[in-house]
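Heads up, the thing below is written out as structure tokens.
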Amino acid sequence: MNKADVVIGVTGLNATDNPGPGISVIRSLRHDPEFKGKIIGLSYDALDPGNFSDYADAVYLIPYPSEGEDALKNRIKYIINQTGMQICIPTLDSELPGFNAISDNLEEAGCKMFLPTKDQYEMRSKTKLPELGAAAKIRVPAQCVIASIDDVYKLHEQFTFPLVIKGVFYGAEICHSVEDASIAYNKMVAQWGVPIIVQEFISGTEFDVVAVGDGKGGLVGAVPMKKMYMTDKGKGWSGIVVKGDELMEMTNKFMKATKWRGPCELEILRTTTGEHLLLEVNPRFPAWTFLSAGAGVNLSMAVSQLAFGSDPDVMPAPDAGTMFVRISLDQITHVDQFQHIVASGECHGMEPK
Amino acid sequence: MTGNVRLQELAVNESGFVFDPHTGLTYTANETARYVIEQMKAGSAVENIVEGIKAEFEADGRDVYRHVLEFIHNLQEQGLSSLEAPVE
């Protein structure tokens, strides 16, 4: 892959208080001093904040996953024709099945991706964590899957309180009583539907690892991080790179067992007695991916190279102590830029005022 | 990972800011605490650390010994040292 003229598309420009990973991935690519290519921002909403930054050279709206694979395929093919986009990095959970389904079409059109397979995507589903743990010989918390409010009132037969109620895609709440659990159940169902995952609560410290697998069981690179400050939504607002032999060992085991292809984020709990449990696997880059580039491990560039069919750059050990501290900024733009995106679904030559 | 390995990995700067790369936690150490950590990292025995503090900081003998033991116990509680401090 020639970093000097490659054209890379990145999704997830919703840099809100619950940010998508897109801007972080783009900043990582631009962090590589050899990168002189172009970035195409792929956005779902005209008001996605990333549309109005200068991180992308051009922005194109793409259809929501609910509009189906044909709509996505046709739109991406149009963007490939317009921009010469050679690589695409989807960064959102919900869009991965759609992009996976059209990957052959995109490759024929000249655009490659390096994504987890459909089987891998399903294997790491929250509902299948016990099976994943058994296959990878990784300890995971005890859990069950429920789909009815009646089941909440039987939880005491299987768990002791407190326990954790988790939405199928997002969200987790610690519940200290049946009343707490029934409120959390209804809230999660309203947001994400059924099923709901119920997990045993284990106290400890949570760590997150961003990693890339080569699709053959090998680990391309990984960066472990501890959140230092979290928002009320539980999103990390600052974090620090840590050394973690046990965290890296678990990440290696996960890669070996799943032959993971592409990026992922592992959420790992270190208990007060020093044991490590895998809590969750997200099948894409996290929103704090730029920290990995800052720590000397540019995983976004590695995924681009793997997608292109090139060998990724050699990854050094991450620089422990590297921190990120997120910031909210008001971008000033003009209605001309906004109307361009709304009216034509695209915008070129991004120049924040 | 043993406490002594974690002790060796502690990053301590001149102003006494301490970073544990294993947990991501940070601490602030005063001048004498920083001296104790540095001496422990260098493998000094408790008696030598106490003598060093008496010489460096012109402190009284019995109190210094007690404070050093207390500090080592604090480090042990944080999992930052496996050094067995003698019981007073």
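Naming convention: chains lettered A, B, ... in sequence-line order (proteins, then strands); numbering from 1 in each chain. No hydrogens, no waters, no symmetry mates; every other heavy atom, side chains included, goes into these values.
In this structure, A/Tyr229 places its OH atom where only 12 or fewer heavy-atom neighbours from other residues, nucleotides or ligands lie under 6.0 Å away. By the 6.0 Å contact criterion, CG on A/Asp311 is open, its count of non-hydrogen atoms from other residues, nucleotides or ligands being 12 or less. A/Lys256 NZ: 12 or fewer foreign heavy atoms inside a 6.0 Å radius.
Closest heavy-atom contact between B/Thr23 and A/Phe207: O-CE2, 3.7 Å. When every heavy atom of B/Phe19 is checked against every heavy atom of A/Ile240, the shortest pair comes out as CE1-CD1, 3.3 Å.
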> Should A/Arg270 and B/His22 be marked as a side-chain contact (heavy atoms from CB on, under 4.5 Å) after you check the CA-CA gap, both sets of side-chain angles, and the distance that decides it?
Replying inline: CA-CA 11 Å; A/Arg270 180 183 289 160; B/His22 183 67; 3.5 Å; yes
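Residues of residues 24-34 of chain B lying under 4.5 angstrom from chain A, judged on non-hydrogen atoms, are B/Gly24, B/Leu25 by number.
In this structure A/Phe169 satisfies the ring-ring contact (aromatic ring centres under 6.0 Å, His included) test with no other residue, sequence neighbours excluded.
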